[in-house]
Amino acid sequence: MSETAIYPHTDRSRDLSQPLSALGPDESLKANSDHLRGTIALSLLDRLTGAVAADDTKLMKFHGIYQQDDRDLRDERRRQKLEPAFQFMVRVRLAGGVCTPAQWLKLDELARAHGKETLRLTTRQTFQFHWILKHDLKATIQGLHDALLDTISACGDDARGVMCSVNPAISQLHADVYDLARRTSDRAIPRMRAYHEIWYDEERVATSEPEEPFYGATYMPRKFKIGFVIPPVNDIDVYAQDLGFIAIGGPAGLEGFNVAIGGGMGRSDQSAATYPRLADVIGYIPADQVFATAEAVMGVQRDYGDRRDRAKARFKYTIDEKGLDWIKAAIEARLGFALEPARPFHFTSNGDSFGWTEDETKRSHFTLFIENGRIVNRPDRPLMDGLREIARQHRGTFRVTPNQNLVIADIAAEDRPAIEQILRQYHLDGSNAQSALRLNSIACVALPTCGLAMAESERYLPDLLTKIEAILGTHGLQDEPITIRMSGCPNGCSRPYIAEIGFTGRAPAKYNLYLGGGFHGERLNKMYLENVGEGEILAALEKIIAHYAAERAAGEHFGDFAIRAGYVPEVREGRHFNN
Amino acid sequence: MNSVVRPPLKTSGGQGDQYQQGAMPSYALTATQWSRLRDLASSLSPAQALWVSGYLAGIANAADGLAMPVSLAEKPADEFAEAGRAGPRKLTILYGTESGNCQALAQSLAEQTREVGLAPTVTDMADYKPRLLKTEQDLLIITSTYGEGDPPQRAAGFFEFIEGRKAPSLPDLRFAVLALGDSAYEFFCEAGKKLDRRFEELGAERLLDRADCDIDFEEPATAWRKAVVAKLGEQAGGAAKASISPLQHGVATAPASAAARSYDKQHPFQAAVIENIVLSGRGASKEIRHLEVSLSGSDLSYEPGDALGVLANNDPALVDEVMAKLALDGATPVSLKAGETTLAQALTRHVEITTATPRFLDHWAKLSAAAELARLQAVDQTEERNAFLRGHQIIDIIRRFPVPGLDAGEFVSGLRPLQPRLYSIASSLAAAPEEAHLTVSVVRYDLNGDRRSGVASGHLADRAEPEAVLPVYVHANPHFRLPQDDRPIIMIGAGTGVAPYRAFLQEREVLGNGGPSWLVFGDRNFRSDFLYQAEWQRLMKDGVLTRMDVAFSRDRGVKKYVQHRLLEKAADIFAWLEEGANIYVCGDAANMAPDVHQTLATIIETQGNLSPGAAADYLRGLQRDERYQRDVY
Ligand code: SRM
Ligand SMILES: Cc1cc2nc3c(=O)[nH]c(=O)nc-3n(C[C@H](O)[C@H](O)[C@H](O)COP(=O)(O)OP(=O)(O)OC[C@H]3O[C@@H](n4cnc5c(N)ncnc54)[C@H](O)[C@@H]3O)c2cc1C
Ligand SMILES: Cc1cc2nc3c(=O)[nH]c(=O)nc-3n(C[C@H](O)[C@H](O)[C@H](O)COP(=O)(O)O)c2cc1C
Ligand code: SF4
């Protein structure tokens, strides 16, 4: 049965069915870009500027590349009659965050050569280079290619990096689910001949086949995020994904997945019509239906998503606009079968567990806390050098966690002492000795590279944490895990709206403070203070933490307490987040 | 709005003959004329002779279109003296110049010779047709030196001819050379020396020994002029005594820029600094500054292409150290040519106390009686002496060879006057009324363990905050000008060499005129040294600048200089030239300008299918037609 037969009356005035002239300008840009080629090749040759043409900046996102500028220098350079210090962020596509030591060494080498000697682990389990100059882009992309890595569709209106729980303790299940995540990523991304031509200097081949059989010329209305989670750890924050697969195992291992749709964080302070939303679990599929399901769900969003207003173009709004039932029916119509009822599952947290674990195959894994995912050498802690040394010796894999940390995974028993020795040698053995608060913290990148940042995040949260730690210390709560997340703007790249304590930047040194998120990512938080500075933040936390220490129920998490004690009301649906 | 009619453009290398207007006839008189003139001359009193000289000169000037001053005709002639033994010889004053010193000297020399009744022709070497040499009788030469003993660039053609095989023998010629230079350079006054040698080789008779003048050339140049005028006067017969110039009203010496005359080197305008910022971005290996000074309250005006002369002060810390080392009191009165002042004032404003000259070395060798210095004075020690001077500034010499009990006047007498420094003006009055903008590369270096700065650029960088006052004057640069019509222009500049092009484009933007323009800029690093980047980008967007190429020599990858970009775009460069484009080169004289010159020759040769000789002619033609203009330093 066709979708239109089920729901013939749905409003199609804002979707793909309309002529380009009726849609937003980005739709025409994509359609006229010759499948994402645009004038990128020419822009790269323009020696008068470190930037690329404005349209190319948008197209390059599909290539995993963002034009940025050093915001610390913006004003200074304007006065110096110089253009902004343009540079590029390059995001690697790395399904499930898994890479080999050889790939690590290449990433490290490229970061040292072109990326100001730093790498950034992201909240979607991959690596970002910052500070790459235009004339070094090609060398960087080609270097990645040498290590069988690419940046295709790491950004853009397409399927983004596919996430997968790291679950160091359950190896076989991880291997199976990771394999599906990787293959989903390979299938869901655009074919992107443009990428091969522009970055690898490959010839353009004439063909009568459609260049993008799934995406067409206008791709998705907006980014689309897929993630696989293996309970009981909701590390990927499955409820923040456009499409989440919750692994359901049986006695024989992986059986299938519950399907969750419609998660997303981004909102804006100006428009109450934008809001974070948690994904809804709509049913269960057997494991062999993952690709078909991904294609069906993406197809529905591709065809019905809002293409007039990018602020309303994410899948979460399509769902709230059409209704969950309508969407589910549309998905089932494409699949040709009805989803089974969701199976029971259980989450305990969305954080990482640090240090050494051993899995059922007796291989060891070491999870290393990396503050805000920033890999850089500091005088007292040569992290980048240490990890390079580990990569030289390591025979297993690395897994980037969704909390911006790193698992040195699959270490054979006999190799463990060598790894431990390197950790000691580079003063990394003490990295995990942090307060439970800090171990459960995330900050997005924000200044100075992020063009959208309104306030500091990565460069500020560590200091703020020190002050909050002092408060927790006085109340004996230094070992209490509390999720705390900061984003430099309301886009919410650190998934702050599901933290027990969340911050989003409003202006330099000014933040909104949110309370009441669920400890394992199951509940949105709610704004408690708007547009406040550090003094007010600390004063409020001081009061609430003292209250919590005095009156918490046994095992009660801080987020749950904030609601029970009446500091904020519970938010049950994204649509009501702004109420 | 732009209704300029484009004149037919000349695209060939041009032979130049078509520019010969009113060619000078040979001055040789027929035998009859000569005996009549001798008879007349022998019957005249000195005053009569003076009057007649004016009369005759008036006739010559009238033939050249100049009216004879009426008043002269009434001058009584009552005194008598013996006539000169020789007939009137043709007198030509040739000068080679870049910054105008030699031109000014040539003009005052001409004036002085007229005062003694001679009728000189004053010509820039750049405009002189060397074939005329054979017709010359008395030739006075004034030239400066640039680069590695090279002539002023526009005089290069004249030097090439004179030094080449085609130079005729000149047995009938008498000559004298006045050489200007700077003794801080290794090849001091070399261009003058070359001519002096060469004319002798060609058989000419040296009228007077050459004088080599340092940057404080006024005094020796005056002495030389006096001597040469005396020699000529002797020969012209007694008229040298005459003290008034009968023709002075008839001579039009065109000032370079009338408005700029009220302030000059000697009478600078006190300009307030309005802005002083570092243009170089973070991580730059150089410090380039953008300065804006206010000309408000002066009547100073300039044209795009002109330079601003800055009379900088020496670093006060250095002044203090010099005085301390010499145990001298800053309040001690000293007398300079300019008048009486205190030692501190003299060292701050009037004399050079950084670069040591051979003269200072001599001076200090005497005062200190140091054997090492004495040894360096020997004639055959040039190389060692130069090496020593490169490694020792005045303060280093004072430190190493102390002279106790030195008298302030004694010290100052060994120093050269502090010279103004020139900076190309980077703005147009049309765009920035009553302002002049400068692009200054700050000279900084380490020597003998100290961090040192250039005198002027250091002053501008460290002691010229907004509201500070700088003594300045306008230095006209008539040979670096935008075309009058809308022919295309190609502007090549490295580093601060881009400054005048900012003025050019500002002017064109405001006046809304001008043809296609192409800027080729080079510097070290794209990120930090792309001077005025945002402005060029805007000018491109607005269509004021048609094309731009850049070359950065220290970015990762292959080193690229402006000449590489020119070569890459050879076909277009040649096409623009063939369309009549003017080509400008500004900036570094040591490497960039010669490399660009060579590259242009190569481009013309390959693109125009010309022999190397023909390509060189083509370039010379451009230079002669003022379509290839350089401002290099
Ligand atoms: C690096 C990273 C944050 C981090 O510290 O780890 C990040 C960084 C940026 N995000 Fe994000 N986002 C990152 C995860 C997220 C997440 C978390 C997630 O997906 O689990 C979210 C919230 C989930 C969601 O999509 O709603 C997120 C929501 C956004 C949004 C808001 C999207 C929306 O539809 O509302 C933007 C802005 C936009 O797309 O217009 C954004 C835009 C950006 C950009 C590219 C800024 C821009 O568009 O110019 C940031 C680059 C900063 C920089 O200098 O690196 N980022 N961003 C994360 C990279 C993930 C990855 O590897 O792909
Ligand atoms: C027509 C013209 C236009 C010009 N336009 C510009 C312009 O637009 N912008 C600009 O910046 N300049 C320009 N200049 C150059 C400018 O006039 C000055 O020459 C320059 O600024 C240096 O002057 P200064 O007084 O700072 O340095 P000075 O005090 O004259 O010092 C220069 C001297 O420092 C010494 N020195 C330098 N480096 C070292 C070293 N490593 N070791 C030992 N000794 C060293 C040398 O003796 C050198 O001769 C122009 C020059 C001319 C002639
Ligand atoms: C870039 C530059 C290079 C110079 N090179 C020399 C040189 O090699 N030898 C020398 O004796 N004088 C040199 N001088 C000094 C000039 O010859 C001197 O300033 C002279 O007075 C200039 O006269 P002009 O204005 O007629 O050109 C140089 C001056 C400049 C600005
Ligand atoms: S949350 Fe905002 S400031 Fe932080 S990285 Fe994302 S877009 Fe930038």
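Naming: A, B, ... by sequence-line order, numbering from 1 per chain.
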B:R538 versus chain A, the contacting section by heavy-atom distance below 4.5 Å: neither
To the nearest 0.5 Å, atom OG1 of A:T49 lies from atom CZ of B:F526 at 5.5 Å
Does A:E83 offer a backbone N or O that forms a donor-acceptor pair with the side chain of B:Q533 under 3.5 Å? yes
Does B:R527 reach the main-chain N or O of A:F86 with its side chain, forming a donor-acceptor pair under 3.5 Å? yes
So for A:A139, is it side chain, backbone, both, or neither that comes closer than 4.5 Å to the heavy atoms of chain B? neither
Non-hydrogen atoms of chain B under 4.5 Å away: do they reach the side chain of A:R47, the backbone, both or neither? both
Any donor-acceptor N/O pair, B:E535 side chain to A:K81 backbone, under 3.5 Å: no
Measure distances from A:R78 to the heavy atoms of chain B and classify the residue's part below 4.5 Å as side chain, backbone, both or neither. neither
Check whether B:Q537 reaches the backbone of A:L48 with its side chain - one donor and one acceptor, N or O, closer than 3.5 Å. yes
Going from CG on B:L279 to CG on A:L82, what distance comes out if it is rounded to the nearest 0.5 angstrom? 7.0 Å
So, do B:R282 and A:E76 sit near enough that their side-chain heavy atoms are less than 4.5 Å apart? yes
Around atom CZ of A:R378, are there more than 12 heavy atoms of other residues, nucleotides or ligands at under 6.0 Å? no
Do any N or O atoms from the side chain of A:Q80 and from the backbone of B:S280 form a donor-acceptor pair under 3.5 angstrom? yes
